[in-house]
Amino acid sequence: MVGAIPKFLTDDRAVRAMSPAVPRRALKRRHWLTMAALCAPLSIVLIQWSKAPSADMLAANSDGAISLTSKSKAPADRTSIDIFENRFPTLQFADRFPTANESLPLVQRQVALAPHPPRNMRTEPVRVASLTPTLTLPRAEREDLTTLVAMKSSAFPYSGANPRSEEPFLNITKGDRKGHRSISGRVYWQDETYNDNRVLLHVPETFDVKKPGVIVVFFHGNGATLERDVRDRQMVPQQISDSGVNAVLLAPQLAVNAADSSAGKFWQPGGFKRFIDESASHLARLYGDPKSAPTFASLPIVIVGYSGGFLPTAWSLEVGGVPNRISGVFLLDAVYGELDKFASWIEKNRTGFFISSYTRHTKRHDQELMQMLRDRGISVTETMDEPLKPGSVVFVQTPDGVSHRDYVTQAWTEHPIKDVLVRMAATPALTRIASGPAANR
């Protein structure tokens, strides 16, 4: 509160008595100036009162001031007081940098990759600044290339005759649909079972068109598809890549997911040759060098037939039209018939090898084929322990515990296709067919 104003400062008569010469108008002006000066401190107080801090803020600030000025407070008391140091503690070294047992998170960035350089080129040495040594950057490795390609020369669709009966293959009609009645009596429709002309192509990342190589043609068994069974379950492309042999893969789709071994266009004379010839341009494009098509068109061939794949294998050997290019035949529990065709090819091709691995399901037919060959003066081996040579004829029985369904991945050994390719490339007389892992390095 402002104290009482002295009366002599507010009484005109008192002022006039003190200064008789001062005019009345000047006295009034002085009077009002005096009152304004006295009222100014009151206005300041009123303004401050309207902006007064709360009691909590005053208490916090006063406590903080006490903690900073008082020397009697214990250090532990400072942590319970709301001061700047408690609200914003000073960062320590460990807060900024990880310990020896920690690591900084990696920042993932997407980088646009430039196209792969041509295979006949190598990255040139790169000089980083003028004073640094020359650095040779490693050549980017190709990845395995696997794809499905439609080929008109593949097994199906097929509208010709069944060579065994000389009757049309599509021997059932229902409205606009055509189908085939199998040996078991079941009808399979063309639009569901015999209309897929795709072929599984595989080129390993280590394949080099300039080195000796081989084309592996794989005929799958009954009830199969290329993606689900040949590629994923039986791992045929992976076995070829894992072998390290300079080989590529062709696997045509036969009857789709059906208990049928029909050979389709491979029944026809020259059908296998047309298939191999058409595949050359597709393999060259997949490899990345269209000019390599003539090389693929002349590579040796190894046919691998599994289970129901025996039928297209046998007819390809008999009427396929490329007898001089087939360097080997490998049957996986697949001698269910056509013994005369297998025996005839073995007898006429003494530079190629023949292997038949079998279970109890085909044992009778394999033993019969062995006897046919012995009667023709052809020696037969019944073990895989001996080296694989040109003209080798090998029959090997696997134990009863080996499953026919898993035979492509587990026969006398794990991954038998890989094993045969490695054996073939390891034989000096056969290395001209396909170079092995050591030559590919």
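Across every non-hydrogen atom of Asn171 and Pro168, the tightest pair is CB-O, 3.6 Å. When all heavy atoms are compared, the tightest approach of Ser154 to Val199 is OG-CG2, 3.7 Å. Shortest non-hydrogen contact noted between Leu388 and Val420 is CD2-O, 4.2 Å. Scanning all heavy atoms of the two residues, the minimum distance from His202 to Thr146 falls at ND1-OG1, 2.6 Å. When all heavy atoms are compared, the tightest approach of Leu226 to Leu200 is CD1-N, 3.8 Å. Across all non-hydrogen atoms, the minimal contact from Val335 to Ser356 is CG2-OG, 3.4 Å.
Relative orientation of the Tyr336 and Phe310 rings is tilted, given thresholds of 30° and 60° on the angle between their planes. In this structure, Phe207 and Phe296 have parallel ring planes: the angle between them is below the 30° cut-off, well short of the 60° mark. Ring-plane geometry between Phe219 and Phe266 is classed as perpendicular, the angle between the planes exceeding 60 degrees on a 0 to 90 degree scale with a lower cut at 30.
When atom types are taken as modelled, the side chain of Thr427 and the backbone of Arg423 share a donor-acceptor pair closer than 3.5 angstrom. Distance alone, capped at 3.5 Å, places no donor-acceptor pair between the Glu205 side chain and the Leu145 backbone. Without hydrogens or angle criteria, Tyr194 side chain to Ser159 main chain gives no donor-acceptor distance under 3.5 Å. Between the side chain of Gln234 and the main chain of Val408, no donor-acceptor pair closer than 3.5 Å is present. Lys265 places a side-chain N or O within donor-acceptor distance of the main-chain N or O of Pro157, the cut-off being under 3.5 Å. A donor-acceptor pair under 3.5 Å is absent between the side-chain atoms of His365 and the main chain of Leu339, judged by distance alone. Side chain of Thr413 to main chain of Pro416: no donor-acceptor pair is present (N/O by atom type, distance under 3.5 Å, no hydrogens or angles). Of the possible donor and acceptor atoms, one in the side chain of Arg350 sits under 3.5 Å from a partner among the backbone N and O of Gly391. Tyr158 places a side-chain N or O within donor-acceptor distance of the main-chain N or O of Ala161, the cut-off being under 3.5 Å. For Ser243 (side chain) and Ile240 (main-chain N/O), a donor-acceptor pair under 3.5 Å exists by modelled atom type.
With respect to the salt-bridge test (charged N to carboxylate O, under 4.0 angstrom), the residues Glu382 and Arg374 qualify. A salt bridge between Glu338 and Arg164 is present, with a side-chain N of the basic residue lying under 4.0 Å from a carboxylate O of the acidic one. By the 4.0 Å N-to-carboxylate-O rule, Lys291 lies too far from Asp289 to be salt-bridged with it. The existence of a salt bridge linking Arg177 and Glu192 is confirmed by a sub-4.0 Å separation between a basic side-chain nitrogen and an acidic carboxylate oxygen. A salt bridge between Lys341 and Glu318 is absent, with no side-chain N of the basic residue lying under 4.0 Å from a carboxylate O of the acidic one. Between Asp229 and Arg233 there is a salt bridge, since a side-chain N of the basic residue sits under 4.0 Å from a carboxylate O of the acidic one.
Here the CG-CG distance, from Asp196 to Asp191, works out to 12.5 Å after rounding to the nearest 0.5 Å. Separation of atoms CZ (Phe169) and CG (Asn162) is listed at 7.5 Å; rounding is to 0.5 Å. The CH2 atom of Trp189 lies 11.5 Å from the NZ atom of Lys178; values are rounded to the nearest 0.5 Å. Taking CG from Asp260 and OG from Ser182, the interatomic distance works out to 6.0 Å, rounded to the nearest 0.5 Å. We find the OG-CD distance between Ser316 and Gln268 to be 11.5 Å, quoted to the nearest 0.5 Å.
For the residue pair Ser241 and Asp144, a side-chain donor N or O sits within less than 3.5 Å of a side-chain acceptor on the partner. Side chains of Asn222 and Ser261: a donor-acceptor N/O pair is present below 3.5 angstrom, by distance only. A side-chain donor-acceptor contact under 3.5 Å links Gln371 and Asp375. Side-chain polar atoms of Asp333 and Thr359 form a donor-acceptor pair below 3.5 angstrom. Checking Ser357 against Tyr407 by side-chain atom types alone, a donor-acceptor pair falls below 3.5 Å. Counted by atom type alone, His415 and Thr409 present zero donor-acceptor pairs between their side chains at under 3.5 Å.
With Tyr306 as the fixed residue, the side chain to side chain contact (heavy atoms under 4.5 Å, CB included) test singles out one of Thr313, Val230, Leu332, Leu331: Leu332.
The local environment of CZ in Arg186 is sparse, with at most 12 non-hydrogen atoms from other residues, nucleotides or ligands closer than 6.0 Å. For Glu166, the CD atom is densely surrounded, since the number of other residues' heavy atoms within 6.0 Å is greater than 12.
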Leu250 and Ile276: side-chain contact (heavy atoms from CB on, under 4.5 Å), yes or no, with the steps?
-> CA-CA 9 Å; Leu250 296 173; Ile276 292 296; 4.1 Å; yes
Can you list the steps and then say if His180 with Tyr188 is a ring pair (Phe, Tyr, Trp, His ring centres under 6.0 Å)?
-> CA-CA 5 Å; His180 168 70; Tyr188 293 104; 7.9 Å; no
Please step through side-chain contact (heavy atoms from CB on, under 4.5 Å) for the pair Val214 and Ile301, ending with a clear verdict.
-> CA-CA 6 Å; Val214 64; Ile301 301 166; 5.7 Å; no
Could you give me the CA-CA distance, side-chain angles and deciding distance for Val329 and Phe353, then say whether side-chain contact (heavy atoms from CB on, under 4.5 Å) is met?
-> CA-CA 6 Å; Val329 176; Phe353 65 85; over 6 Å; no
Could you walk me through whether Glu227 and Leu148 pass the side-chain contact (heavy atoms from CB on, under 4.5 Å) check?
-> CA-CA 9 Å; Glu227 296 165 289; Leu148 293 171; 3.6 Å; yes
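Asn349 is not listed as a side-chain neighbour of Phe354, based on a closest heavy-atom distance of 4.5 Å or more.
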